[in-house]
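Single-structure report; data block below.
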Amino acid sequence: MGRLAQTEGLTEIQQEILSTVRSFVDKEILPVATQLEHKDEYPSEIVEGLKELGIFGLMIPEEYGGLGESLLTYALCVEEIARGWMSVSGIINTHFIVAYMLKQHGTQEQKDHFLPKMATGEVRGAFSMSEPGLGSDVSAITSKGVPAPDGSGDFLLNGQKMWLTNGGSATLVAVLCRTDEGHPDGTPPHKSMTTFLVEKEPGFGQVRAGLTIPGKIDKMGYKGVDTTELIMDDLRIPSDRVLGGATGRGFYQMMDGVEVGRVNVAARGCGVAQRAFELGIDYAQQRHTFGKPIAGHQAIQFKLAEMATKVEAAHALMVGAARKKDSGQRNDLEAGMAKYLASEYCKEVVEDAFRIHGGYGFSKEYEIERLYREAPMLLIGEGTAEIQKMIVGRRLLEEYRSQG
């Protein structure tokens, strides 16, 4: 193993977990990833293996059957898994966002009911904010939850959601809707949103009364994992499935979860970039031109040096963001920086590895072709670069407010 992306100060348990995950990636994911990706085939055997390793319960507290590990441990595991195949890291990302939101904001009954099943992977999570006409403007959500007219206390949800990772395979979806009733006129949109815990059967079509999951969206990359829409038509949800037990808190609950998701996306960018660097430096030592390996040419050495520096810098920023969240401190600044830098550097490192491969990088026989199609998703997942820069800019102005 090379020297890049090492993490100082890990415990023996963390090192053991990472060693186990790294071994699993090398033996069970890398040999089949490209084949499964080209078929757009869901990695069922890999997911079962991750269940056996306890990965689905990694951050869930021990009292609920999980391992009770930190966000840093989780992020480093994601980095390893994304190095093998980014789609697999996406399968566990939304699961952990929902588990984290339950742990932080759920009622005791909600925690007791869901977290033990999520720790084993019996219940798998997805979360849903985006809508077809929404983009990054979460405040413009039009999906609504209104009290059922029969006085039961239930809610009826209506609307269309977009870009659900694990939309078909998940059995629990955290859905953000407007709940205007009960909030005075003029209440800002983000203060009249509610997260509903929607239980459903896995699969496509009508998965419960009032809820339809159309087929998978066909994507350029990020294949294998199912990405779907979600359509609600008078979907009845009992009041005890409002996250936290009260309406109007959904926006803040989702944003807290998204900070975890942004660290995850940064970790994915680090993992994909590491793999691209490995492929590039290996190929550069095998391919010969003008009588010597292309790694002997200064131009290639410069490119490798730049790639390695970007891998190292992105990893360091991602680790810092995870540790800040683990400390209990606000980390939107660090998470935004990490997600922005890691995704941009990932794209650049993958493209440089692609260039090193020359014409062969364009062939589906070479792994770099898959990475070249996967990297762009990281530029938009959990908020675009522009959104991250907006978050970072606002936070910097808070931190460095002029005294003049």
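Any value given below was found using the heavy atoms of this structure, including those in side chains, with hydrogens, waters and symmetry copies removed.
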Look at the side chain of [X] and the backbone N and O of [Y], then say whether any donor-acceptor pair between them is shorter than 3.5 Å.
X    : Y    : answer
K200 : A170 : yes
R236 : L156 : no
Q110 : V242 : yes
N158 : D234 : yes
E334 : G320 : no
K161 : L176 : yes
S343 : Y340 : yes
D40  : K223 : no
T309 : A305 : yes
H95  : G125 : yes

With rounding to the nearest 0.5 angstrom, report the [atom1] to [atom2] distance, [X] to [Y].
X    : Y    : atom1 : atom2 : answer
T171 : K117 : OG1   : NZ    : 9.5 Å
T120 : K51  : OG1   : NZ    : 7.5 Å
T212 : Q160 : OG1   : CD    : 10.5 Å
K103 : M118 : NZ    : CE    : 12.0 Å
L36  : Y42  : CG    : OH    : 12.0 Å
L4   : I281 : CG    : CD1   : 8.0 Å

Are side-chain heavy atoms of [X] and [Y] found at a separation under 4.5 Å?
X    : Y    : result
L243 : F196 : no
M162 : L230 : no
Q388 : M337 : no
M86  : V225 : no
H105 : T195 : no
K389 : V392 : no
T289 : H297 : yes
Y222 : E374 : no

Taking atom [atom1] of [X] as the centre, report whether more than 12 heavy atoms of other residues, nucleotides or ligands fall under 6.0 Å from it.
X    : atom1 : answer
I217 : CD1   : yes
Q286 : CD    : yes
E365 : CD    : no
K27  : NZ    : no

- Item | Chi angles and distances behind the side chain to side chain contact (heavy atoms under 4.5 Å, CB included) call for M232, C177 | CA-CA 11 Å; M232 301 173 290; C177 293; 3.9 Å; yes
Check the side chains of [Y] and [X] for a donor-acceptor pair under 3.5 angstrom, ignoring hydrogens and angles.
X    : Y    : value
N93  : E382 : yes
Q14  : T73  : yes
R370 : T34  : yes
H357 : S363 : no
T247 : T179 : no

- Message: With salt bridge (Lys or Arg N to Asp or Glu O under 4.0 Å) as the criterion, how do E199 and R241 come out once you've worked through the C-alpha distance, each side chain's angles and the decisive distance to 0.1 Å?
- Response: CA-CA 9 Å; E199 298 167 87; R241 291 300 176 257; 3.1 Å; yes
- Task: Verify salt bridge (Lys or Arg N to Asp or Glu O under 4.0 Å) between E367 and R275, making sure each step is shown before the conclusion.
- Result: CA-CA 10 Å; E367 188 180 341; R275 185 58 182 166; 2.9 Å; yes
- Task: Kindly indicate, with the supporting measurements, whether the criterion side chain to side chain contact (heavy atoms under 4.5 Å, CB included) is fulfilled by S143 and E131.
- Result: CA-CA 8 Å; S143 296; E131 297 180 359; 2.7 Å; yes
Taking all non-hydrogen atoms of both residues, which atom of [X] and which atom of [Y] are closest, and how far apart?
X    : Y    : value
G90  : R268 : CA-NH1, 3.6 Å
F277 : L304 : CE1-O, 3.6 Å
L379 : K339 : O-NZ, 3.4 Å
L115 : I60  : O-CD1, 3.9 Å
G221 : E37  : CA-OE2, 4.3 Å
P293 : Q285 : CB-O, 3.8 Å

- Query: Can you check side chain to side chain contact (heavy atoms under 4.5 Å, CB included) on F155 and V146, steps first, answer last?
  - Reply: CA-CA 5 Å; F155 288 84; V146 299; 6.0 Å; no
- Report the residue from E259, E399, E398 that forms a salt bridge (Lys or Arg N to Asp or Glu O under 4.0 Å) with R330. E398
Strictly below 4.0 Å, N to O, side chains only: are [X] and [Y] in salt-bridge contact?
X    : Y    : result
D332 : K324 : no
D26  : R83  : yes
E369 : R373 : yes

- When the ring planes of Y360 and Y366 are compared, do they come out parallel, tilted or perpendicular, using 30° and 60° as the limits? tilted
- Query: Which word best sums up how the rings of F96 and Y74 line up, parallel for under 30°, tilted for 30 to 60°, or perpendicular for over 60°?
  - Reply: tilted
- Item | Check against salt bridge (Lys or Arg N to Asp or Glu O under 4.0 Å), R249 and D256 | CA-CA 11 Å; R249 303 175 182 172; D256 191 21; over 6 Å; no
- Take V78 and I81 through the side chain to side chain contact (heavy atoms under 4.5 Å, CB included) test and state the conclusion after the steps. CA-CA 5 Å; V78 166; I81 292 169; 5.6 Å; no
- Message: Pair K310, E306 - check salt bridge (Lys or Arg N to Asp or Glu O under 4.0 Å), show working.
- Response: CA-CA 6 Å; K310 290 173 181 177; E306 292 168 1; 5.2 Å; no
- Among T227, D226, T94, find the one that has a side-chain hydrogen bond (donor to acceptor under 3.5 Å, both in side chains) with N166. T94
- Tested for side-chain hydrogen bond (donor to acceptor under 3.5 Å, both in side chains) against T7, the lone hit among E79, Q15, H315 is H315
